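Report on one structure; see the data block that follows.
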There are 2 protein chains.
Amino acid sequence: MANDEKRSLTLRDVSEVSGVSEMTVSRVLRNRGDVSNATRERVLRAAKDLGYVPNKIAGALASQRVNLVAVIIPSLSNMVFPEVLSGISQVLESTDLQPVVGVTDYLPEKEEKVLYEMLSWRPSGVIIAGLEHTEAARAMLAASGIPVVEIMDVDGKPVDAMVGISHRRAGREMAKAILKAGYRNIGFLGTKMPLDHRARKRFEGFTEALAKEGVEIAQKEFYSGGSALAKGREMTATMLEREPELDFLYYSNDMIGAGGLLYLLEQGIDVPGQIGLAGFNGVELLQGLPRQLATMDACRREIGVKAAEIIAAQGEGKDTAMVTELTPKISFGDTLKRR
Amino acid sequence: MANDEKRSLTLRDVSEVSGVSEMTVSRVLRNRGDVSNATRERVLRAAKDLGYVPNKIAGALASQRVNLVAVIIPSLSNMVFPEVLSGISQVLESTDLQPVVGVTDYLPEKEEKVLYEMLSWRPSGVIIAGLEHTEAARAMLAASGIPVVEIMDVDGKPVDAMVGISHRRAGREMAKAILKAGYRNIGFLGTKMPLDHRARKRFEGFTEALAKEGVEIAQKEFYSGGSALAKGREMTATMLEREPELDFLYYSNDMIGAGGLLYLLEQGIDVPGQIGLAGFNGVELLQGLPRQLATMDACRREIGVKAAEIIAAQGEGKDTAMVTELTPKISFGDTLKRR
DNA sequence: CGCAGAAATGTTATCGCGAACAACGCTTGA
DNA sequence: TCAAGCGTTGTTCGCGATAACATTTCTGCG
């Protein structure tokens, strides 16, 4: 069954064993073209006995086709991108395409490097998070000649196609809901965000909508690194110490929101009576919390699905919409009064 | 800067623009061999102007070398594997190797498929989670002729190298610690684990060590799917309803443990006085909980680091240890009495 | 039985790059 | 001035597969 040679097997080895030409072996293994059942079986048998695994490198070079889709995202360690990936995988599973993931750690230069690396494998498409890239990265994407889908965000101009939500609008909507519920003394807690453009846009939309009603954010607090849950806890404590009059806390993601929620409950503070809370993302984690945190679904899975569908469709020559804006819905949970 | 042709660029295009041979361009772009500064700069300039990205497919075929390391893991959506990955990436970053991730969803057939797919790209090494694979998968690994490191687990026989902890031992140690603290009426909560061999082994070690002291697990509960935090909560409620006399709950992972902890605290139950708790993995999340859950670190990052080091070393022809067993440490937290 | 047309199989020419070796040209010292 | 020596650049060939076309072997039907 196994083979112990140093040199790896080729079509030629299989063809010699099965007594047909390399071309026929190739046809059998790719299920393409007419091959009689007898030879097909003989070839499959030989391939299996030898433990032959086709060399896609050579195959790709010869056929000028690579069944890979580059997926470039900032991080795997929060809950958001794995869910996007799962949407992508689900769709691609029914095609012959395969996702390959690259992680950028929110660093533009690393993004550029990862992109270069992936493009050098000539994938069939690129799905990349965000609309902000280095100039070189944009140029590569534009020059690549393959379908490109920028995801998560629609506040900007895409190289090619984009699928996402408007984070500015998400921030605005949340602000409106908060104001409508009667809160006025609002604190914001988020990541240090020079490089997280989507968090920044939410923040901008949020402050903008507040300003329109003459409200200004009373307190801000930013973190970076560490356990988000713990950070949410700490930041909440710090902020309330500084400004006990706050009646609402808007967190830029659910994890720190959850940390804040746990802290407030521990302190015996009335949520949402005394203080209201809201996060962002709609992560699954929230379902296990003592109280349901108000949040806004970022449509992560759906974004992955749509993006993959675009790539798959373009692979088949079909035309597709260039911009797909999804609309997140507020979930009020138990931490944001309704009216 | 950008190029709009349909056909993608080749060395030839760059060579024509810069007026040297393709070989010289190749040398410049790979930083290999002697090239005068004048031509080097001319070539780099041309490549950049054209937006040329080398074709690694052709390069790999010609050089018979691929700088990819296949990393095959069951899931991305829990906290455990991303951390392993981060260890791997960190090490590989200082080499010219690059990880490529494949996900199996804990399904042996999918693992086999993913492995086949990855091997067909002729990577420089394979890092794969677990010691249990289909026979075909084992055969492929053995026949591949490249370094293979099986990770996470050392309770079994590896194809080649392995790095991990003994989950049987981890289960035993936790059992001992629990007994030593005086608990006797113990419940177990975990995943439905026919396919999660490591969870199964922990469970086996756990029951075995209890049995040695004449203790038997009083209640068991298994889940699958859904939000782990919420499941932990539900299962804990169910279990205590069925058997209020329990004085300890051992969870097969920290997420469900955290759900249980939150539930118990809400119910005003004295932890760890009335009921003790422990989980497994040592995930970062725990740091934000109201009380520190007892757990056992799975050495995830370190496993990734060691595995990557082995691959990197073998790439350079160095010999390495075939078995690396790491020893997890119990962290008592606030939910397991000390003696 | 014979021949058209389909089915099955083989042949040849790439694909884009890198390894190995060849050739070039400039410096240097006898 | 010229050969040796070295740094630099070019040529040839092949990596392992597939596309496109060529050829052979079956079929079926008049």
Side-chain angles (χ1 to χ4, degrees), chain A residues 3 5-44 46-47 50 52-67 96 117 119-124 144-145, chain B residues 3 5-44 46-47 50 52-67 96 117 119-124 144-145:
Chain A
N3 164 291
E5 313 261 332
K6 66 232 32 197
R7 212 181 42 70
S8 102
L9 298 163
T10 73
L11 276 188
R12 152 150 251 104
D13 298 290
V14 182
S15 86
E16 274 167 7
V17 170
S18 50
V20 298
S21 73
E22 302 174 34
M23 195 60 228
T24 301
V25 176
S26 169
R27 279 195 271 253
V28 169
L29 295 177
R30 282 178 302 145
N31 261 319
R32 210 167 307 262
D34 296 316
V35 180
S36 73
N37 272 329
T39 50
R40 155 169 293 112
E41 268 159 38
R42 208 140 38 84
V43 168
L44 286 176
L50 289 170
Y52 173 72
V53 177
N55 185 331
K56 288 221 177 175
I57 296 175
L61 184 62
S63 67
Q64 303 284 53
R65 280 184 291 93
V66 179
N67 68 337
D96 63 346
E117 200 68 30
L119 287 181
S120 75
W121 288 100
R122 301 290 189 265
S124 294
S144 68
Chain B
N3 164 293
E5 312 260 331
K6 65 232 33 198
R7 213 179 42 70
S8 102
L9 298 163
T10 74
L11 275 187
R12 153 149 250 102
D13 298 289
V14 182
S15 86
E16 275 168 6
V17 170
S18 51
V20 298
S21 73
E22 302 174 34
M23 196 58 228
T24 301
V25 176
S26 169
R27 280 196 270 255
V28 170
L29 295 178
R30 283 177 301 142
N31 262 318
R32 209 167 306 262
D34 297 317
V35 181
S36 73
N37 271 328
T39 49
R40 154 168 293 112
E41 269 158 38
R42 208 140 40 83
V43 168
L44 286 176
L50 289 170
Y52 173 71
V53 177
N55 186 332
K56 289 220 177 178
I57 296 175
L61 185 61
S63 67
Q64 302 283 60
R65 279 186 290 96
V66 178
N67 67 337
D96 64 345
E117 200 68 30
L119 286 181
S120 75
W121 288 100
R122 302 288 188 266
S124 295
S144 69

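Letters A, B, ... are given to chains in the order of the sequence lines, protein chains preceding strands, and every chain is numbered from 1. Source: prediction; values computed, not measured.
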Per nearest nucleotide of DNA chain D, the residue lying toward the 5' end, B:Ala58 or B:Arg40, is B:Arg40
Quick one: does B:Arg42's side chain have a donor or acceptor within less than 3.5 Å of a partner on B:Ser18's backbone? yes
Rounded to whole Å, CZ of B:Arg12 lies from C1' of D:dG10 at a distance of 13 Å
Report task. Could you tell me whether B:Leu61 contacts a base, only the sugar-phosphate backbone, or nothing, with contacts defined as non-hydrogen atoms closer than 4.0 Å? Result -> base
Looking at D:dA17, I'd like to know if its phosphate oxygens (OP1 or OP2) sit under 4.0 Å from a side-chain N or O belonging to A:Tyr52. yes
Closest to the 5' end of DNA chain D, once A:Lys56 and B:Gly19 are matched to their nearest nucleotides, is B:Gly19
Original post:
With sugar-phosphate meaning primed atoms plus P, OP1 and OP2, does B:Arg65 contact a base, only sugar-phosphate, or nothing at under 4.0 Å between heavy atoms?
Top reply: sugar-phosphate
Per nearest nucleotide of DNA chain C, the residue lying toward the 5' end, B:Ile57 or B:Arg32, is B:Ile57
Winner on side-chain proximity to B:Gln64, out of D:dT9, D:dT18, D:dG16, is D:dG16
Among the nucleotides C:dG16, D:dG16, C:dG10, whichever has the atom closest to the side chain of A:Ala62 is D:dG16
To the nearest angstrom, the CG-C1' distance between A:Asp34 and C:dG5 comes to 13 Å
- request: Would you mind classifying the nucleic acid contact of B:Asn55 as base, sugar-phosphate or nothing, using non-hydrogen atoms under 4.0 angstrom?
  value: sugar-phosphate
Does B:Thr24 make a side-chain N or O approach to OP1 or OP2 of D:dT8 shorter than 4.0 Å? no
message: Is there a side-chain contact between A:Ser63 and the phosphate of D:dA19, meaning an N or O under 4.0 Å from OP1 or OP2?
response: no
Only one of B:Val43, B:Val17, B:Thr10 passes side-chain contact (heavy atoms from CB on, under 4.5 Å) with B:Val25, and that residue is B:Val43
- Message: So, OP1 or OP2 of D:dT9: does either fall under 4.0 Å of a side-chain N or O from B:Arg27?
- Response: no
Considering only heavy atoms from C-beta outward, does the side chain of B:Thr39 approach that of B:Val28 to under 4.5 Å? no
